[in-house]
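So the structure is just underneath, and the comments pick up after that.
Each chain gets a letter, A, B and so on, in the order the sequences are listed, and its residues count up from 1. Remember, predicted model here, so these are calculated numbers, not experimental data.
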Amino acid sequence: MEIAVTVNGQTYERDVEPRKLLIHFLRDDLDLTGSHIGCDTGNCGACSVIVDGVLLKSCMLLAVQANGTRIETVEGLSEDGELTRLQQAFNEHHALQCGYCTPGMLMSTTALLRENPSPSEDEIKKALQGNICRCTGYWNIVEAVKSVAK
Amino acid sequence: MLLREVEYAKPGAVAEALQLLAANEGARALAGGQTLVNVMKARAASPDMLVDLNGLEELRGIELAGDGTLTIGAMTTYTELMRSAEAKARPILGEVCATIADVQVRNRGTIGGNVCSNDPTNHLPPLMVAIGARMTIAGADGEREVPAEDFFLGVYLTAVGPGELLTRISIPAGKKDGFAAVTLGAEGTCICNAAATVNGAVRIALGCVDAVPVVVTADSAGGVADAVRAANLTPPSDVHASSEYRTHLAAVLATRAAEEAAAR
Ligand SMILES: Cc1cc2nc3c(=O)[nH]c(=O)nc-3n(C[C@H](O)[C@H](O)[C@H](O)COP(=O)(O)OP(=O)(O)OC[C@H]3O[C@@H](n4cnc5c(N)ncnc54)[C@H](O)[C@@H]3O)c2cc1C
Ligand code: FES
Ligand code: FES
């Protein structure tokens, strides 16, 4: 099936099989390997992306369902090679170790801060319920988000 | 995971969706996909065709009638329900949706998909039964309305037959409701849950203890635990809880839900 999607501002037209998951389309067809596959069951959030402003897990959506949408992935966060304040905060607060969960953590917290620029600690934790980290114990991730919250 | 080959259709009208479902024996409706895509990955089901309901405006929207009755389109997501001013007419709806899984799942998962999948651990089947929801099912012969109590038929089985769709759910006005669950982790999958509504008597619907929600009634919250014990439940045992422990939880959670409902 022919689909057209805009990913991080660039439009791609591709022929995809309906059975292809959005995460595979992003990684294999578009070579955007920033979004990760952790569990492939909708549990870990490593594949989280923003589609038409809505945060979702791209292993739970077919690529054909994204036809005509605007997709944001972790590759699109920085501008002109400059990290966003949130990305910088992750760096400064040691909010990652292996980094596997980080793209998903960044997309989830980006979505949170857009909706709620001054989240409380509880709101930050609740926003990260769908993102699993095996390394950090979450503490520094929450600290990083708190540091950019207004 | 690579899914088995599947055809994909995104109809723009319910009539068209019903035709596609009726004409293709292996066709299956795709709502939020937050259950179905996993089911397909696990090859527990391999539909030949997915009929994507996401283009059906008729299945969206939340309306509040003058008498307080809410009508909720089947494709309404949990997030939409949580944010809806209209849905505040029955506050328990948004409150329970806010405890389902996580932001990403709530942004995609739909009220219709939740009840149509009728996973016995899901949050919404017992809630719909407790608050007296009515489900509208559309098929080739038009529409029919089924009370929630008769909607759930078995594990993963509902009154929605082949070639049919759940189109909307109506919920009467009311505030005196409660919901209690013991979950895997904070706000995770339910090990046992109970929804309660107080309207003179207390009406409880228990989840996770049988294939379909189990209804128990009592005169007051104080009588709920005995009423649950008198129901002689035989819940399943699994790695998370034995049958005996679930039976115990059912009485505890029914009481908590009833007390919450009575206090409102
Ligand atoms: C990580 C994770 C955790 C979860 N935790 C919970 C939880 O704790 N509690 C909970 O309740 N749920 C939980 N869920 C399930 C989630 O709520 C699903 O969204 C829901 O069960 C199914 O809704 P859906 O819209 O995604 O439906 P889909 O997955 O698209 O469909 C489910 C089934 O319903 C059928 N269907 C859907 N809509 C209709 C319709 N209108 N008419 C006829 N048939 C229809 C489909 O054909 C399919 O068979 C979880 C899911 C994930 C991924
Ligand atoms: S890979 Fe999608 S949620 Fe884990
Ligand atoms: S940093 Fe390793 S999984 Fe989060």
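- Judged as a side-chain contact (heavy atoms from CB on, under 4.5 Å), and not counting sequence neighbours, the contacts of B:Ala29 are B:Leu53, B:Leu165.
- B:Glu164 is linked by a salt bridge (Lys or Arg N to Asp or Glu O under 4.0 Å) to B:Arg144, counting only residues two or more places apart in sequence or in another chain.
- Listed by chain and residue number, A:Leu112 satisfy the side-chain contact (heavy atoms from CB on, under 4.5 Å) test with A:Ala127 (two or more places apart in sequence, or in another chain).
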Intermediate values then yes/no, side chain to side chain contact (heavy atoms under 4.5 Å, CB included), B:Leu3 and A:Leu21:
CA-CA 8 Å; B:Leu3 307 179; A:Leu21 301 173; 4.2 Å; yes

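- Interface residue A:Met1: only side-chain heavy atoms are found under 4.5 Å from chain B.
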Taking 3.5 Å as the threshold, show me the donor-acceptor pairs across chain B and chain A, one per line with distances to 0.1 Å.
unit_1, atom_1, unit_2, atom_2, d
B:Met1, N, A:His24, NE2, 3.3
B:Met1, N, A:Asp40, OD2, 2.3
B:Leu3, O, A:Arg19, NH1, 2.9
B:Asn38, ND2, A:Thr41, O, 2.8
B:Lys41, NZ, A:Asp40, O, 2.8
B:Lys41, NZ, A:Asp40, OD1, 3.0
B:Lys41, NZ, A:Cys59, O, 2.8
B:Asp52, OD2, A:Gln65, NE2, 3.1
B:Arg83, NH2, A:Glu115, OE1, 2.8
B:Arg83, NH2, A:Glu115, OE2, 3.2
B:Ala98, O, A:Lys126, NZ, 2.9
B:Asp102, OD1, A:Lys57, NZ, 3.2
B:Asp102, OD2, A:Lys57, NZ, 2.7
B:Gln104, NE2, A:Ser48, OG, 2.9
B:Gln104, NE2, A:Ser108, OG, 3.2
B:Gln104, NE2, A:Asn131, OD1, 3.0
B:Asn107, ND2, A:Leu55, O, 2.9
B:Glu187, OE1, A:Lys126, NZ, 2.7
B:Glu187, OE1, A:Gln129, NE2, 3.0
B:Glu187, OE2, A:Lys126, NZ, 3.3

Where do B:Leu50 and A:Leu62 land on the side chain to side chain contact (heavy atoms under 4.5 Å, CB included) test, with the steps shown first?
CA-CA 11 Å; B:Leu50 290 173; A:Leu62 305 174; 3.6 Å; yes

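- In this structure, chain A has no heavy atom under 4.5 Å from any part of B:Leu36.
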